[in-house]
Number of protein chains: 2
Amino acid sequence: MINILIADDHEIFRQGLKILLISSNDPEIAIVGEVSNGKDASSFIEKERPDVAILDISMLEMNGLEVAKEAYKKGLETKIIILTMHKDPIMVKKALQYGVCGYVLKDNAIDDLLFAIRSTTIGGKFISPSISDKLFSPQNNKNIDNTKKDITNREKEVLKLITKGFTNKLIAEKLFISRKTVETHRARIMSKLDIHNVAGLIKYAISTGLS
Amino acid sequence: MINILIADDHEIFRQGLKILLISSNDPEIAIVGEVSNGKDASSFIEKERPDVAILDISMLEMNGLEVAKEAYKKGLETKIIILTMHKDPIMVKKALQYGVCGYVLKDNAIDDLLFAIRSTTIGGKFISPSISDKLFSPQNNKNIDNTKKDITNREKEVLKLITKGFTNKLIAEKLFISRKTVETHRARIMSKLDIHNVAGLIKYAISTGLS
DNA sequence: TAATGATTGTGATATATGTCATATGTTTCT
DNA sequence: AGAAACATATGACATATATCACAATCATTA
């Protein structure tokens with residue numbers, strides 16, 4: 001039996017996924033849990049220790065990658081499969097750093113996911129063909145190499161406010177710090193993420209579920 | 001028999017939805033088509049005239065609302081149900097203007113969708129409780145009333161480039177127009193959408209599937 | 001044809017952003 | 001205890017954005 005946790009913020013999606021997995025001709029699969037945000041996923045994994053956790057990236061409270069990171073740090077045995085719409089190689093790279101066993105796109109077929117689940121039982125890593133092609137192309141290796149650093153909690157806080165459309169001045173007032181400090185945070189965030197304008201910041205925040 | 005088209009850009013989601021609908025205890029439902037972008041949805045509806053089209057909003061080429069608008073203009077009989085993650089009342093308002101018969105959220109249960117489908121047969125409109133509550137609250141009526149105008153194609157073009165992080169100057173160069181003209185477009189977009197900063201623009205673009 | 005809307009442009013002005021370099025306490029980890 | 005990372009702050013400077021008001025050209029349509 002493979003005990004599986006499903007974490008995704010859309011109920012209809014979870015319901016569909018559940019029935020797809022159950023009605024696959026793989027009798028080994030059992031859905032033991034279903035959560036709608038990252039925090040719940042993280043505590044479920046720690047308490048219940050499912051064999052496999054299928055995680056969306058964009059979720060409230062904690063995103064899927066953060067959940068994966070937590071589980072990795074704690075050395076839990078649960079195998080993580082990321083199931084997301086995000087094709088950004090950076091995401092995949094991060095996921096692999098956090099020890100995930102699978103990375104499948106939502107616009108792949110269910111068979112890809114089933115394959116990923118099965119491959120966890122023999123200890124391999126499965127990355128959807130549609131994304132692994134891009135990932136391992138010679139061009140991209142340059143970009144992929146310079147790992148983006150994680151941003152700090154305070155920086156996340158600032159980033160969140162930036163994505164809400166607040167100006168540096170307003171953010172400063174909200175956080176009771178100087179406008180200059182906000183600018184420093186902003187600059188550091190952009191430097192860490194290698195992004196050089198607001199547009200990029202917003203898209204980053206949305207894609208990581210921060211906003 | 002209710003003939004249904006499903007339009008969503010994520011294959012796994014489509015597969016899950018299909019099996020959920022088919023295995024509902026409603027024997028009336030038949031899935032007659034499945035497409036992954038707005039353009040295909042639009043032409044399928046025109047050619048095949050399904051009874052019901054279930055449309056996601058965020059799709060390539062054309063978003064679900066545009067598909068609904070097209071069908072509405074052409075006076076097609078296909079009933080449109082929007083199935084999306086977007087809770088923004090503006091979206092709902094727009095959808096209703098384009099004559100959709102249902103608006104259901106992806107984080108609602110499948111039963112809400114089934115109810116929406118059934119209500120099309122008797123000619124009603126169904127809006128998920130979780131969103132209709134917000135929509136018809138006294139506070140929101142003010143905001144909802146001043147209908148946001150549609151932005152023009154040129155403005156969309158400019159908006160797309162803004163969301164890619166290009167500066168006004170670069171956009172001007174790309175479109176072979178003056179920087180001042182770009183600024184005018186930018187100002188008009190913001191005025192039409194009642195948005196006052198880049199952050200809002202980006203989020204708007206993403207939520208309407210433009211970016 | 002007259003009206004409307006889309007597209008293009010200009011000028012002026014106050015704020016805001018992006019990019020430098022630099023510095024000082026405070027945590028946190030080894 | 002010492003190193004590394006974090007949060008805070010400042011100054012300077014070039015660019016960019018947001019918000020006014022105004023106007024000419026072109027296409028569509030009522």
Side-chain angles (χ1 to χ4, degrees), chain A residues 66 69-70 72-75 94 97 146-205 210-211, chain B residues 66 69-70 73-75 97 146-205 210-211:
Chain A
E66 288 169 332
K69 193 179 177 182
E70 281 273 312
Y72 184 64
K73 270 190 182 169
K74 290 179 191 156
K94 265 193 176 173
Q97 281 174 346
N146 55 357
T147 310
K148 290 180 185 175
K149 287 176 201 156
D150 286 342
I151 61 176
T152 67
N153 284 332
R154 190 55 157 179
E155 284 160 0
K156 267 184 204 169
E157 210 171 341
V158 172
L159 179 50
K160 245 186 230 178
L161 293 172
I162 292 174
T163 64
K164 283 188 182 156
F166 291 108
T167 63
N168 287 339
K169 200 172 146 196
L170 282 173
I171 295 173
E173 283 167 19
K174 252 187 186 304
L175 299 181
F176 303 107
I177 55 179
S178 144
R179 205 192 75 240
K180 280 312 233 172
T181 306
V182 178
E183 285 171 20
T184 305
H185 284 310
R186 192 181 199 123
R188 196 155 296 155
I189 294 165
M190 292 200 285
S191 139
K192 278 186 182 174
L193 301 177
D194 198 24
I195 290 170
H196 306 279
N197 49 58
V198 197
L201 286 185
I202 314 280
K203 287 197 278 188
Y204 172 86
L210 199 73
S211 156
Chain B
E66 287 169 332
K69 192 179 180 182
E70 281 272 312
K73 271 191 181 166
K74 290 179 189 154
Q97 280 173 348
N146 56 356
T147 310
K148 288 179 184 177
K149 287 175 199 156
D150 285 342
I151 61 175
T152 68
N153 284 332
R154 190 56 156 180
E155 284 160 359
K156 267 182 204 168
E157 209 170 341
V158 172
L159 179 50
K160 243 184 236 179
L161 293 172
I162 291 174
T163 63
K164 282 187 183 157
F166 291 108
T167 64
N168 287 338
K169 198 171 147 197
L170 281 173
I171 295 173
E173 283 167 19
K174 253 189 185 304
L175 299 181
F176 302 106
I177 57 180
S178 142
R179 204 192 76 239
K180 283 309 245 172
T181 304
V182 178
E183 285 172 19
T184 305
H185 283 310
R186 192 181 198 123
R188 195 154 295 156
I189 293 166
M190 291 200 283
S191 139
K192 278 186 182 175
L193 301 178
D194 198 23
I195 289 170
H196 306 279
N197 49 58
V198 200
L201 285 185
I202 313 281
K203 286 197 276 189
Y204 173 86
L210 199 73
S211 156

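All values below were derived from every heavy atom in this structure, side-chain atoms included, with hydrogens, water molecules and symmetry-related copies excluded. We name chains A, B, ... by the order of the sequence lines, and we start the count at 1 in each one.
- Listed for the Glu183(A) side chain is no donor-acceptor partner under 3.5 Å among the backbone atoms of Lys180(A).
- When the P atom of dG9(C) is taken as reference, atom CG of Leu175(B) falls 10 Å away, rounded to whole Å.
- If you walk DNA chain D from 5' to 3' and mark each nucleotide with an atom closer than 4.0 Å to a heavy atom of chain A, the marks span dC6(D) to dA12(D).
- Shown here for Leu201(A) and Ile195(A), the closest heavy-atom pair between the two residues is N-CG2, 3.6 Å.
- A side chain to side chain donor-acceptor pair (under 3.5 Å) with Asn168(B) is found for exactly one of Glu173(B), His185(B), Arg186(B), namely Arg186(B).
- A distance-only check finds a donor-acceptor pair linking the side chain of Lys203(A) to the backbone of Thr163(B) [under 3.5 Å].
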Inset, instruction - Going 5' to 3' through nucleotides 10-27 of chain C, assign each nucleotide B (protein heavy atom under 4.0 Å from a base atom), S (under 4.0 Å only from sugar-phosphate atoms) or - (no protein heavy atom that close). - result: BBB---SSSB--------

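- With sequence neighbours excluded, the residues that form a salt bridge (charged side-chain N to carboxylate O under 4.0 Å, His left out) with Arg154(B) are Glu157(B).
- The two residues Lys156(B) and Ile151(B) make their nearest non-hydrogen contact at CG-CD1, 3.7 Å.
- Here the closest non-hydrogen pair linking Tyr72(A) and Gln97(A) is CE2-O, 3.7 Å.
- A side chain to side chain contact (heavy atoms under 4.5 Å, CB included) with Leu161(B) is found for exactly one of Thr167(B), Leu170(B), Leu175(B), namely Leu175(B).
- Counting to the nearest Å, the P atom of dT8(C) and the CD atom of Glu155(B) are 10 Å from each other.
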